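My structure is below; once you've seen it, I'll send some questions.
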Amino acid sequence: MPGFAVIDVETTGLSAAGHRVLELAIVRTDPAGRVLDEWVSRFNPEGPVGATHIHGITAADVARAPRFAHVLEEISDRLAGAAIAGHNVKFDLAFLRAEYARAGWAVPHLPAACTLAASWDHLPHLARRRLPDCCEAADIRHTGAHSALGDARATAALLAGYLGHGFAQPPTAKLLALPQLARNVAWPTAPGGVEPLGADAPAWVQRWSAPPKPPAVPLVQLLERFRLADALDDGAPDGSLPYLQLLSEVLEDGVLDDEERAALVDLAAIYDLDATAVAAAHRGLLLALAHLALDDGRVSRAEKAELTATAELLDVPVNVVTNVLDAAERARHARLSADLGPLPADWSLGEPLRVGDKVAFTGCDWAVRERLEQRADRLGVRVMNNVSSRTALLVTDGSFEGGKADNATTLGTRLVHPDEFALLLDHLQPAVSKSTIATPRPRRSGDSVAAVASPTPVVSEGRTVPAAHISPSPAAVRAWARANGYEVGERGRLPSEVTEAYRHAQNEGSSH
């Protein structure tokens with residue numbers, strides 16, 4: 001007698017209620033996992049074959065294949081008396097039950113082993129638990145992936161490892177007892193006793209099945225680092241792991257279409273996940289992704305857009321993600337502020353730069369700019385792509401005029417030269433809680449546009465930065481250039497020789 005019948009199906013889609021089995025493979029083993037025989041068949045689905053690029057099966061391949069109902073009794077003979085095994089076995093069994101039901105037959109309750117679920121005992125450190133992931137970790141050769149027989153063979157080899165003490169964790173008593181339980185199952189000998197397919201969906205399914213609003217940016221980068229266990233730590237139910245596995249896969253293209261939603265609804269039903277459990281799984285996934293986004297110390301605007309859009313997609317309140325990100329950002333600011341010293345007694349650069357301040361760059365030598373942007377990011381100063389009323393300062397060497405410079409002029413944003421910005425970073429000050437600021441922080445004389453071009457030297461920790469190194473106003477340079485015979489346009493980058501000539505003239509004037 002066989003101990004296990006390892007099964008794998010290739011299907012026209014992901015929903016057992018609405019899609020069909022294209023191919024079924026059965027690899028029977030003895031109770032120790034040694035292969036006894038193999039069987040595989042394709043079936044005519046009586047409709048579209050679905051994603052040929054995944055399973056490799058075309059309409060022509062199955063045009064003359066038997067219908068599932070015509071092979072049903074042979075399949076029953078091969079399964080009877082054996083415990084069923086598969087990778088995410090409830091998914092495969094759901095399709096088998098649906099095909100049996102369409103033919104008018106009922107499938108009895110079957111003792112089953114899931115190699116995905118058991119991987120938590122035998123391969124505890126895996127981030128992802130798809131069949132290829134488990135096989136690679138167990139050093140099992142997996143050929144013919146996404147063919148029913150190739151996947152069934154790989155699953156059988158994985159099961160044999162679980163049964164044969166090939167891992168640090170020995171086989172569980174429950175796994176070893178399954179073959180004996182299976183021998184006591186009575187298989188039907190005639191049609192009947194079938195529950196109707198497509199029963200009314202619960203209210204939460206109908207509500208969640210509203211037309212999807214796809215995320216603005218695909219989630220691939222975050223999902224590549226996502227670990228199922230992280231979602232459990234953030235409140236996802238223990239029984240939701242197969243659901244989360246499928247959810248993380250279908251979200252990788254940034255869209256959740258109707259077919260994928262239907263598959264998730266089916267899987268939730270297969271694993272007895274009610275509305276509360278599904279909501280907790282969605283919330284756990286989102287929180288886990290939010291913490292991943294924070295791993296590098298900050299959350300980019302693109303990452304926040306991804307998370308916010310996905311929260312809306314999964315019917316999770318957006319403030320759940322926003323609160324996590326905001327709390328983490330405050331904690332990061334506190335960490336970065338902890339060891340910062342006070343300003344020197346002779347500080348003369350005006351308002352200091354603080355952790356959490358937003359700055360922007362325009363112009364500047366690209367190597368200098370890149371170095372300063374990276375340093376600012378490490379220290380907790382946010383580098384933005386635009387100038388707004390919340391921008392603390394604009395870093396510029398005066399060599400380029402454009403949208404940022406125009407906005408800075410309109411808003412009265414403080415302008416600083418890259419050399420001055422480096423000094424501000426040297427004396428970065430702790431973040432200030434918004435709740436402690438009653439009025440906008442005062443601007444000192446050094447904050448104004450005029451003061452940026454002032455010839456007064458700046459002294460800090462014994463270092464003198466000549467005023468000529470502080471960014472002059474582009475408008476002032478243009479006016480001086482025209483008065484001194486230089487040809488300059490109304491807009492665009494100022495020639496470096498013009499800027500240098502202006503600085504030289506200013507220095508000459510300040511020495512007299």
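The structure presented is a predicted model; accordingly, all values stated were derived computationally and were not measured.
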query = Which is it for Thr172 and Tyr162 under the side chain to side chain contact (heavy atoms under 4.5 Å, CB included) test, yes or no, and what are the steps along the way?
reply = CA-CA 9 Å; Thr172 64; Tyr162 295 167; over 6 Å; no
Closest non-hydrogen atom pair between Ala113 and Leu175, with its separation =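 Heavy atoms of Ala113 and Leu175 come nearest at CB-CD1, 3.6 Å.
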inquiry  = So which atom in Ser337 and which in Ala431 form the shortest heavy-atom distance, rounded to 0.1 Å?
reply    =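 Closest approach of Ser337 to Ala431: OG-N, 3.0 Å.
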ask   = Where do Thr11 and Glu23 land on the side chain to side chain contact (heavy atoms under 4.5 Å, CB included) test, with the steps shown first?
value = CA-CA 7 Å; Thr11 64; Glu23 187 175 53; over 6 Å; no
message = Any non-hydrogen side-chain atom of Leu24 less than 4.5 Å from a side-chain atom of Phe95?
response =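 In short, these two side chains do not touch, never coming nearer than 4.5 Å.
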task = Applying side-chain contact (heavy atoms from CB on, under 4.5 Å) between Leu79 and each of Leu110, Ile26, Val107, Val185, report the one that passes.
result =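 Passing option: Ile26.
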task = Let me see the working for Asp8 and His87 under side chain to side chain contact (heavy atoms under 4.5 Å, CB included), right down to the final yes or no.
result = CA-CA 8 Å; Asp8 188 84; His87 201 74; 5.9 Å; no
ask   = Under 4.0 Å between a Lys/Arg side-chain N and an Asp/Glu carboxylate O for Arg129 and Asp133?
value =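 Salt bridge: no.
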ask   = What are the two closest heavy atoms between Cys364 and Phe361, and how far apart are they?
value =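 That closest heavy-atom pairing would be SG-CD2, 4.4 Å.
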ask   = Less than 4.5 Å apart, any side-chain heavy atom of Tyr243 and any of Leu264?
value =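 Yes, side chains in contact.
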message = Looking at Trp39, I'd like to know if the NZ or CZ of Arg28 sits under 6.0 Å from its six-membered ring centre while staying within 45 degrees of the ring's axis.
response =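 Verdict for Trp39: no cation-pi partner in Arg28.
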task = Give the minimum heavy-atom separation between Asp266 and Ala17, together with the two atoms involved.
result =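 Closest heavy-atom pair between Asp266 and Ala17: OD2-N, 3.2 Å.
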inquiry  = Let's go through Leu379 and Arg375 carefully: what are the C-alpha distance in whole Å and the side-chain angles of both, what is the deciding distance for side chain to side chain contact (heavy atoms under 4.5 Å, CB included) to 0.1 Å, and is it a yes or a no?
reply    = CA-CA 6 Å; Leu379 293 173; Arg375 185 180 174 209; 4.1 Å; yes
inquiry  = Is the shortest side-chain heavy-atom distance between Val387 and Thr362 below 4.5 Å?
reply    =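 No - every pair of side-chain heavy atoms lies 4.5 Å or more apart.
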query = Do Pro430 and Val355 touch side chain to side chain, with heavy atoms closer than 4.5 Å?
reply =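 Counting from C-beta outward, Pro430 and Val355 never come under 4.5 Å.
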query = Within a reach of under 6.0 Å around CD of Glu74, are more than 12 heavy atoms found that belong to other residues, nucleotides or ligands?
reply =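 Yes, because the 6.0 Å sphere around CD of Glu74 holds more than 12 heavy atoms from other groups.
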query = Around atom CG of Asp139, are there more than 12 heavy atoms of other residues, nucleotides or ligands at under 6.0 Å?
reply =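 No.
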message = Are Val359 and Leu394 packed together at the side-chain level, in the sense that at least one heavy-atom pair is separated by less than 4.5 angstrom?
response =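 SC-SC contact between Val359 and Leu394 ruled out.
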key: More than 12 heavy atoms of other groups within 6.0 Å of Arg390 CZ   =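 Open.
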ask   = Is there side-chain contact between Phe68 and Leu22, with at least one heavy-atom pair below 4.5 Å?
value =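 Phe68 does not reach Leu22 side chain to side chain.
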query = Any idea which heavy atoms bring Arg369 and Lys404 closest together, and the distance?
reply =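 Nearest pair, atom of Arg369 first, then Lys404: NH2-NZ, 3.8 Å.
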task = Please check if atom CD in Glu46 has more than 12 non-hydrogen atoms from other residues, nucleotides or ligands closer than 6.0 Å.
result =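 Check passes, neighbour count above 12.
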